[in-house]
Amino acid sequence: MLRGSCLLQYAWWKVDGFRRIDMKRFLTNLNSIVAVLLAFVLVQMISFLAMRNPVRMNLSGRTYYQLSEKTRNLLRDLEHEVRITVFFQEEHALHDDVKNLLAEYEYHSRNIRVEWVDPARDVALTKKLAGQYNLTEAQVVVFDVGESFRVIKQTDIAEMKRVKGIKEPVITAFKGEQAFTSAIYGLIQGDTPKVYFLVGHGEQRITDFDQMAGYSDIGTALLQDNLEVEELMLSGEKGIPEDAAALVIPGPSKKMSSIEVEMIEDYLSRSGRVFILLDALKETGLESMLERWGVELRNDIVVDPENTLRGSDVHIRRYNAHPICMEMNSIVQFILPRSIMPSEQAGGSSEDRPSVVPLFFTSEKSWSEMQVEESTAKFEPEKGDIAGDDSERPISLGVAIERGASETMLDVQIRPSRMVVFGDSDFAGNGSMVGGNKDLFMSALNWLLEREELIAIAPKPIEEVRLSLSRSELQKLFWINVAAIPGVAMVLGLLVWARRRK
Amino acid sequence: MSVFLCLLKKELRTCFYSPIAYVVMFFFWILTGGNFYWLLINLAHGESLTTASQWMFSGFVLPFAIPVIVPLITMRLFAEERKLGTLEALLTTSVKVPELVLAKFFGALVFYIVLWLPSIAYTYFQIKTAPAEVTGFPDLGALQAGALGVILVGALYIAIGLFMSTLTSNQIVAAISGFAILIGSLFVSMYMAYTAQSQSIRIVGQYYSSFAHMMEFSRGIVDSRVVVMYLSHAAWFLFAAVRVVEGRRV
């Protein structure tokens, strides 16, 4: 205590020894430094507040990176933290698009954490994460919610096209939002929907790895899409399992027993979801049930000389307006398909009458051939063939059926029954995974599972700007921009200089 | 207020009467003109719309040119007055120090904006000679946001340069310390934002990286966080400059 006061007295004596003015200056400086430091703290506090309440505007007229309402709603309600790791080289053509898009995701939810890893530079980190996420290729985006993760490849982010003469594929459309939002949605959904594949009647098997006929590729695609897949044999069962999110009946070639058909219809009526793929000239036992649900089956093969390569295949180009086909822009190839058309009169009262929507049509030159035994296929209307150019009733190869989705239901939300019927099963086989075949299969399944959210964000065409500039125009602009305008500065400078000299 | 206007007028007069202003102008206009010409060459071959609009105000050259240009504008502000002894004279009058600092700041900002004016001419001549086949280029909204970004970045840099100028009576020292701080912070924040390993360092880097901000502004994105960052930090440097000059008064 005593020592302290002594020291203070000494200090005062010492300070008093200085000239008064220095003391004052010292105190002012100290005051200034403290004030500046306090102001710095204030600035950081303001910054922090600003960070917590961001407002982001897009002044440009472009909506290229603007998130759709679906994505914004998903992000707003996001409760889990989603860690996004981007493995992209800065030189990659998609790098900027992915970056700008993810910046929007980050803005819309605090639970989004984006981390960038350059696979060419951060080799150690890349190796570590590649082991953690089982990565086999670079240029991917990984979405991780802790217990599960999903890997989005560059082919999911953009549509690419090979162009003659250019080594790298050319990007034609950007579908980053669709891919990212689907990934987040799939991850937070938690329990994975279970899809059963019916077996026992000569169906296509997801366990069949045959290069042509097997369905193993479809099985893999379902697993990657966060779905659980299992085969189902009905003979030992009392009905379709309770945990079935959807039942796929992929191309049965033998007739089912009426009890089995009853089980299926019973499941369907209890808000079930059934995906039936029928092949031409095969009787399955489902006919009467399909008829009740408003589907007209003909014992035919659809021939379309305009849209075929080998004669047996039919390329589908005309899509109807339905969520399943909304995004189909590549050609789908069916092999010896049969027609699947909405029947002209579906029975029942208007309330529970299923709404049957045809999904895609064959061309005007096509017809439905009934005399399949004859060696030459000819359009013979007198023998029951129908032509595809009937605008009232074009030939469709697939329908989507929904029952019980009417808006007039009171407060009770009843899940509608949904069924999709296609006139071919080979199109989704391992040997036919070309064009849009897989997309169509997945799109139909996603509609059945009510995962339309996953499919309804349209890809954005690449926005490119190209000026048609001739060499002379370019030269003119060079002289204006790089010579004339700086020349103005030089002339002004010389004028000022001359005036100052006067 | 009229004192402020008088000071600002005087400041502008000195600025536009100095030959160095025109030297800076000449070289900067060659740079922006060349940058735009480069963009035109790329557009003739087809370029993505995002990249094209980013090149109007950002790209690979301009973010690095601004930290070089700004200290050349600001080095004179206080260092010259101190060297000539006019600052002491000015401080004995009734002029308030914040007024003086703000007048010098806005004087430099006006000159800085003049430096960017030819961008309007580039766009005009491009539309005249070769209008783009797609609508949306040049995008008026993106140009406005880009201009706002350029002004915000310039305001912070000028405030830093002005502060450095109050610390010394030597213009060269003011300019070189300005370069050092601006270019240093540009590269450090870029390094932190893009290549740092730790996530938190990256966030800090992204918050301060004017390179990243310019990329966003020039494609039309205005983010309140970034705007607040520039304004608050510029205000802080101006406040620090005021305290330094007031220290002279005693």
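Numbered from 1 within each chain, the chains take letters A, B, ... in sequence-line order.
Side chains of B/Tyr122 and A/Ile485 form a contact here, defined as non-hydrogen atoms less than 4.5 Å apart. Proximity of B/Arg225 to A/Tyr107: side-chain heavy atoms (C-beta onward) are separated by under 4.5 Å at one or more points. Side-chain contact between B/Tyr37 and A/Leu474: present, with at least one pair of heavy atoms (C-beta onward) separated by less than 4.5 Å. Residues B/Tyr207 and A/Met51 have side chains in contact (heavy-atom distance under 4.5 Å, counting atoms from C-beta outward). Taking the side chain as every heavy atom from C-beta outward, B/Phe27 and A/Pro486 never approach each other to under 4.5 Å. Within the 4.5 Å cutoff, no side-chain heavy atoms of B/Trp29 are placed close to those of A/Val482. Using a 4.5 Å heavy-atom threshold, the side chains of B/His233 and A/Gln44 count as touching. Counting heavy atoms from C-beta on, the side chains of B/Arg243 and A/Val34 never come closer than 4.5 Å.
Taking a 6.0 Å sphere around NZ of B/Lys10, one finds it holds more than 12 heavy atoms contributed by other residues, nucleotides or ligands.
B/Ser232 and A/Ser47 get closest at one heavy-atom pair: OG-OG, 4.0 Å. Across every non-hydrogen atom of B/Phe239 and A/Ala35, the tightest pair is CE2-O, 3.6 Å. Nearest heavy-atom pair, B/Ala240 versus A/Val36, reported as atom, atom and distance to 0.1 Å: CA-CG2, 3.9 Å.
Atom CD of residue A/Glu106 and atom CD1 of residue B/Ile203 lie 7.5 Å apart, to the nearest 0.5 angstrom. The distance from the CZ atom of B/Phe36 to the CD1 atom of A/Ile480 is 11.0 Å, given to the nearest 0.5 Å.
Although no hydrogens or angles enter the test, the distance criterion places no donor-acceptor pair under 3.5 Å between the side chain of B/Trp236 and the main chain of A/Val41. At distances below 3.5 Å, at least one donor-acceptor pair connects side-chain atoms of A/Arg500 with backbone N or O atoms of B/Tyr17. When atom types are taken as modelled, the side chain of A/Ser60 and the backbone of B/Ala142 share no donor-acceptor pair closer than 3.5 angstrom.
Between B/Glu216 and A/Arg56, at least one side-chain nitrogen of the basic residue sits less than 4.0 Å from a carboxylate oxygen of the acidic one, meeting the salt-bridge criterion.
Heavy-atom distances place no part of A/Val117 under 4.5 Å from chain B, backbone and side chain included. Only the side chain of A/Ala103 comes within contact range of chain B, judged by heavy atoms closer than 4.5 Å. Both the backbone and the side chain of A/Val55 come within contact range of chain B, with heavy atoms under 4.5 Å apart. Residue A/Arg52: no heavy atom, backbone or side chain, is found under 4.5 Å from chain B. Looking at B/Val222, the atoms closer than 4.5 Å to chain A (heavy atoms on both sides) sit in the backbone and in the side chain alike. For a residue to count as touching a neighbouring chain, one of its non-hydrogen atoms must lie under 4.5 Å from one of that chain's; by this rule A/Leu125 touches chain B with the side chain only.
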Test log, rule side-chain contact (heavy atoms from CB on, under 4.5 Å), inputs A/Tyr65 and B/Arg219
CA-CA 11 Å; A/Tyr65 300 113; B/Arg219 65 181 178 84; 3.5 Å; yes
Using side-chain contact (heavy atoms from CB on, under 4.5 Å), reason through A/Glu104 and B/Ile221 one step at a time and then give a plain yes or no.
CA-CA 10 Å; A/Glu104 298 296 322; B/Ile221 303 289; 3.9 Å; yes
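For the side chain to side chain contact (heavy atoms under 4.5 Å, CB included) test with A/Asn481, the passing option among B/Leu39, B/Asn35, B/Leu40 is B/Leu40; the others fail.
Here B/Arg202 is the residue among B/Met229, B/Gln144, B/Lys128, B/Arg202 with the most heavy-atom pairs under 4.5 Å with chain A. Contact count versus chain A (heavy atoms, under 4.5 Å) is highest, among B/Leu140, B/Thr129, B/Ile20, B/Val23, for B/Thr129. Of the listed residues A/Asn100, A/Asp118, A/Leu492, the one with more heavy-atom pairs under 4.5 angstrom with chain B than any other is A/Asn100. Between chain A and the options B/Ala44, B/Ala121, B/Pro19, the largest number of non-hydrogen pairs under 4.5 Å is found for B/Ala44. Most heavy-atom pairs under 4.5 Å with chain A, from the set B/Gly34, B/Ser224, B/Gly33: that is B/Ser224.
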